[in-house]
Protein chains: 2
Amino acid sequence: MATRIRAQRRSMRKAPQQQRSRATVDAIVEAAARILARRGWAGFTTNEVAAVAGVSVGSLYQYFPNKLALAEAIRRRHLDAVLAALSVSGGDDEGLTLERRVARLIDGVVAAHSVNQALHHVLLDEVPLTPRSSQDAFEIEYLQRYQTIVAAGSGRRAGGELAARVLSAAVEGVVHAAARRGELGSPALKAELGKLVSAYLRSRSRPRGG
Amino acid sequence: MATRIRAQRRSMRKAPQQQRSRATVDAIVEAAARILARRGWAGFTTNEVAAVAGVSVGSLYQYFPNKLALAEAIRRRHLDAVLAALSVSGGDDEGLTLERRVARLIDGVVAAHSVNQALHHVLLDEVPLTPRSSQDAFEIEYLQRYQTIVAAGSGRRAGGELAARVLSAAVEGVVHAAARRGELGSPALKAELGKLVSAYLRSRSRPRGG
DNA sequence: GGAAAATACGAATATACGCTCGCATTTTAT
DNA sequence: ATAAAATGCGAGCGTATATTCGTATTTTCC
């Protein structure tokens, strides 16, 4: 194991070694997130990021090879948060009813999307996504969560992956649409989404001919 | 009724009057769609659009005030197609089972999204969306369709709008996710989505305590 | 035929911004 | 103390490209 911290993949050009530079990188990412949220991807300029971070553009490019890498760093930070939120809702729910479990899931997802909605929206709808393969660690973990929920809810193993994909896409679709309209806080919406999810999971446990 | 065709809103600068200019506009939109699909929003340049369309940039700017307006024109064209697809699935289905009606709906939506997937993706994930209010004619018509389906499926009027929003967002979420993975053609996916929708509608017609 | 309107042209302009590079400063190591 | 490494600086270069504008051509209409 190398003693030095190496730059991860191509997201960083050089890894910060000293305390000072670590602070610089933090400041840059912090500022970048704020500017991305405020101005959107189109108005996201490295010069302004550096200015707001209180460092020079030169320093910025010492750690990030380009603009996109900076956005990627922010995205990763966010995805980790989403995953963490999902993990919380995946505890020992053995004793809970389907509805309770579903409500937990939805609360988690909604909560994760409620923090910094503007940034979220930009990250989601504007920043060109680096070709994200289904091999992506996040994707895998994410689907895994949903598959667990599907299995727990329907009690069947077969078709679990497809069901998980459909379910996750549906939930995200509803949550994202709500986020765009600023209605993420609405309990009525959460309840309605809960009905959708519950109904689906129940239908899978007693399938009809089709 | 004005004899002359007027430029719609701010999407056009000048309305084409003669046959010649109508052909020009068509060629521009056509070329723009191709380039948008091929190069994405970032690589979408008006100069190339003009070149591919076989006209000059000057002509382009005679009919479109800016780059975004051009993309908007394309988006509108697509939205109209989606709406048309939805309308087809909303005919006289009185005699059909819920599953049949749902299958029709999904077939329509999937079909609308199957045409020119690359363009679709760019339009959806890259082109900055002009603030689309819920007053938008398309949004209204779109929700209306879903509300009809909800009403027909669940037989209740109450909560129809919320249900329509949830349902449409869920369907779009699944379809878009599938489009991103290039799995729109999969019958298994359509079937699974059908189960989701049917289960939801059924659950609404015999509600549980909640 | 001729005037006016519509359409077409495309070189040139204006601007914005990503990113580099040479050098200054600070920290670490010996 | 001093060399070497790490970090920081920011003016400016290079480029890309959206948009304009003066002019040329075509069509319409009388």
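Chain A is the first sequence line, chain B the second, and so forth, proteins listed ahead of strands; every chain is numbered from 1.
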Practice task
For Phe64(B), answer base if it contacts any base atom (sugar-phosphate contacts may also be present), sugar-phosphate if it contacts only those atoms, and nothing otherwise; contact means non-hydrogen atoms under 4.0 Å.
Solution key: nothing
Between [X] (side chain only) and [Y] (backbone N and O only), is there a donor and an acceptor less than 3.5 Å apart?
X: Arg75(B); Y: Leu123(B); answer: yes
X: Arg101(B); Y: Leu96(B); answer: yes
X: Lys67(B); Y: Phe44(B); answer: yes

Given atom [atom1] of [X] and atom [atom2] of [N], what is their separation to the nearest angstrom?
X: Ile35(A); N: dC17(C); atom1: CD1; atom2: C1'; answer: 14 Å
X: Tyr61(A); N: dG12(D); atom1: OH; atom2: C1'; answer: 14 Å
X: Ile28(A); N: dC19(C); atom1: CD1; atom2: C1'; answer: 14 Å

Quick check: do [X] and [Y] have side-chain heavy atoms less than 4.5 Å from each other?
X: Val49(B); Y: Val55(B); result: no
X: Leu70(B); Y: Tyr63(B); result: no
X: Ile149(B); Y: Val197(B); result: no

Handout entry: Sequence neighbours excluded - side-chain hydrogen bond (donor to acceptor under 3.5 Å, both in side chains) pairs with any residue from residues 30-45 of chain A
Key = Arg39(A)-Glu48(A)
Handout entry: Any Tyr63(A) side-chain N or O less than 4.0 Å from OP1/OP2 of dG8(D)
Key = yes
Handout entry: Short side-chain N/O contact to dA6(C) OP1/OP2 from Ser21(B), under 4.0 Å
Key = no
Practice task
With sequence neighbours excluded, tell me which residues meet side chain to side chain donor-acceptor pair (under 3.5 Å) with Ser21(A).
Solution key: none
Exercise for the section: Report the residues that fulfil side chain to side chain donor-acceptor pair (under 3.5 Å) with Tyr200(A), sequence neighbours left out, ordered by chain and then residue number. Expected result: Glu192(B)
Completion exercise
DNA chain D nearest-nucleotide lookup for Lys67(B) and Ser59(A): closer to the 5′ end is Ser59(A)
Handout entry: His120(B)-His176(B) side chain donor-acceptor pair, cut-off 3.5 Å
Key = no
Handout entry: Contact letters for nucleotides 24-30 of chain D, in which S counts primed atoms plus P, OP1 and OP2 and B counts the base, heavy atoms under 4.0 Å
Key = --BSS--
Practice task
Using a strict cut-off of less than 4.0 Å between a Lys/Arg side-chain nitrogen and an Asp/Glu carboxylate oxygen, indicate whether Arg76(B) and Glu72(B) qualify as a salt bridge.
Solution key: no
Practice task
Take the C1' atoms of the five end pairs on each side of the helix from dG1(C)-dC30(D) to dT30(C)-dA1(D), derive the two axes, and give their angle rounded to 10 degrees.
Solution key: 10°
Exercise for the section: Between dC19(C), dA8(C), dG8(D), spot the one nearest the side chain of Gln62(B), thanks. Expected result: dA8(C)
Practice task
With a 4.0 Å heavy-atom cut-off, tell me which residues in residues 43-55 of chain A come close to DNA chain C, sorted by residue number.
Solution key: Phe44(A), Thr45(A), Thr46(A), Asn47(A)
